[in-house]
Amino acid sequence: MARHQLQRALRAVRTAAPPFGEDVHQARTALKHVRALLKLMRRGGKTRKRLADVSRRVGNLRDADVVIATFDRVMKTSGLPMTSALTGIRARLEAKRVALETDPGTAADLKKAQRTLRQVMRRTRSRLHDRPRWPVIVEGLVGSYRKARRAMAAAYHKNTEIAFHSWRKAVKQHAYQLKTLAAGSKNRRGRQIDLDRLGDVLGEGQDLAMFEQTLHGEQSCFEDQNECQRMLALMQHRRRQLRTEVRPLGEQLFTERPRAFARRLARLKG
């Protein structure tokens with residue numbers, strides 16, 4: 001599975017062409033999957049760091065695309081009129097995206113990402129040959145479960161963007177690891193679906209936070225500051241809504257104590 005995801009990431013980076021958004025998204029998703037699997041196998045700490053560096057190198061391309069997509073989604077669902085200020089902001093966002101895509105540094109980053117991925121694939125070919133033992137898999141899954149459970153508690157206690165972003169990352173890691181058991185019982189497949197849904201909602205909140213930062217940076221476009229404040233208030237209201245809506249699902253998924261979760265997983269061998 002790890003080798004397959006590495007090949008998927010390399011293919012996406014190698015064939016990436018403007019607009020880069022979807023190609024980079026595929027690469028980053030595959031890299032997150034590999035990093036989660038390596039952690040589950042209790043190995044590959046240096047490799048995980050190298051793959052994280054690849055994700056960061058190509059991440060700006062994805063973020064530039066996400067900001068525009070979020071802008072369009074917000075305008076479509078909010079019912080707000082597309083004023084001249086908002087039209088100007090979208091044009092500036094589009095221009096920034098194109099400038100980033102055509103920057104020579106971007107091409108260099110993509111080439112370096114390809115080299116790193118090829119090196120990682122060569123070095124991990126033999127190391128990833130043996131299957132990890134079931135107790136090691138259980139230990140890894142329980143670890144990611146405990147981390148996501150604690151991150152959820154911290155998110156609602158602190159109520160900050162950083163805390164909710166940390167929760168989302170922990171949820172995604174747990175979900176990627178659980179996919180190693182995809183051939184298992186219906187309950188595990190159901191948990192996967194719920195984890196994916198939780199990750200998607202938390203991801204929408206993160207996209208809105210990124211869009212909010214963009215509006216703060218583009219306030220000079222607004223002749224009427226009240227218009228800007230209305231947009232910012234709309235973003236904040238929607239993020240609060242998402243956090244409230246998703247809490248019951250999070251509590252359902254992470255209500256079980258880690259030890260009980262470990263015992264249940266241990267019974268699923270075979």
Side-chain angles (χ1 to χ4, degrees), residues 1-69 96-132 136-137 140-141 143-144 147 165 168-183 192 195-196 199-200 202-203 206-207 210:
M1 288 182 68
R3 286 196 295 269
H4 171 73
Q5 294 297 334
L6 282 170
Q7 290 167 354
R8 179 185 166 204
L10 178 59
R11 184 166 56 249
V13 173
R14 188 176 60 238
T15 60
F20 289 111
E22 185 56 31
D23 292 322
V24 171
H25 173 64
Q26 293 297 325
R28 289 179 76 185
T29 299
L31 291 172
K32 289 175 183 176
H33 204 148
V34 176
R35 288 161 60 197
L37 287 173
L38 290 176
K39 194 160 188 177
L40 183 65
M41 296 163 67
R42 205 196 290 164
R43 65 180 72 178
K46 291 182 179 179
T47 299
R48 290 200 308 271
K49 289 180 180 178
R50 296 191 72 188
L51 295 179
D53 180 65
V54 172
S55 291
R56 282 191 293 272
R57 284 184 177 278
V58 300
N60 287 339
L61 292 168
R62 174 63 178 166
D63 291 345
D65 193 64
V66 166
V67 168
I68 297 174
K96 287 180 180 180
R97 182 181 66 81
V98 172
L100 183 62
E101 289 176 347
T102 56
D103 190 310
T106 296
D109 280 342
L110 290 173
K111 286 182 180 179
K112 185 166 184 178
Q114 289 183 52
R115 288 197 299 272
T116 300
L117 288 172
R118 289 193 182 98
Q119 290 168 1
V120 169
M121 289 180 68
R122 285 197 297 270
R123 291 176 183 177
T124 59
R125 197 178 304 276
S126 59
R127 297 177 188 175
L128 296 179
H129 180 70
D130 297 327
R131 285 171 173 256
V136 175
I137 292 176
L141 283 168
S144 69
K147 182 179 178 180
H165 180 48
R168 182 188 180 233
K169 288 195 295 184
V171 166
K172 297 296 283 186
Q173 182 184 84
H174 182 58
Y176 288 139
Q177 290 180 348
L178 200 64
K179 286 178 182 178
T180 62
L181 307 177
Q192 265 185 254
L195 283 167
D196 288 341
D200 289 343
L202 292 173
Q206 186 180 334
D207 291 347
M210 187 188 304

Derivation and outcome, side-chain contact (heavy atoms from CB on, under 4.5 Å), residues Arg14 and Arg118: CA-CA 11 Å; Arg14 188 176 60 238; Arg118 289 193 182 98; 4.0 Å; yes
Stepwise side-chain contact (heavy atoms from CB on, under 4.5 Å) check, Thr29 with Arg8: CA-CA 9 Å; Thr29 299; Arg8 179 185 166 204; 4.1 Å; yes
Just verifying a value: how many Å separate [X] [atom1] and [Y] [atom2], rounded to the nearest 0.5 Å?
X	Y	atom1	atom2	value
Leu178	Asp196	CG	CG	9.5 Å
Gln7	Leu117	CD	CG	11.0 Å
His33	Lys172	NE2	NZ	10.5 Å
Thr15	Leu10	OG1	CG	9.0 Å
Met121	Arg3	CE	CZ	9.0 Å
Leu110	Leu61	CG	CG	6.0 Å

Looking at every non-hydrogen atom in both residues, tell me the closest pair between [X] and [Y] and how far apart they are.
X	Y	value
Ala17	Asp23	N-OD2, 3.4 Å
Leu100	Ala64	CD2-CB, 4.2 Å
Ala2	Leu37	N-CD1, 3.8 Å
Gly199	Arg168	O-NE, 3.4 Å
Leu195	Val171	O-CG1, 3.9 Å
Lys39	Arg48	CA-NH1, 3.7 Å

Donor-acceptor pair, distance only, cut-off 3.5 Å: does the side chain of [X] make one with the backbone of [Y]?
X	Y	value
Thr106	Glu101	no
Ser144	Leu141	yes
Gln177	Ala36	yes

Beyond-backbone contact of Lys96 with Ile68, side-chain heavy atoms, under 4.5 angstrom: no
Note: Asp53-Lys49 ion pair, threshold 4.0 Å (strictly below): no
SB check Arg28 Asp63 (cutoff 4.0 Å):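 Yes, this pair counts.
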Any side-chain donor near an acceptor of the partner, Arg122 and Gln119, under 3.5 Å: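 The answer is no; no qualifying pair exists.
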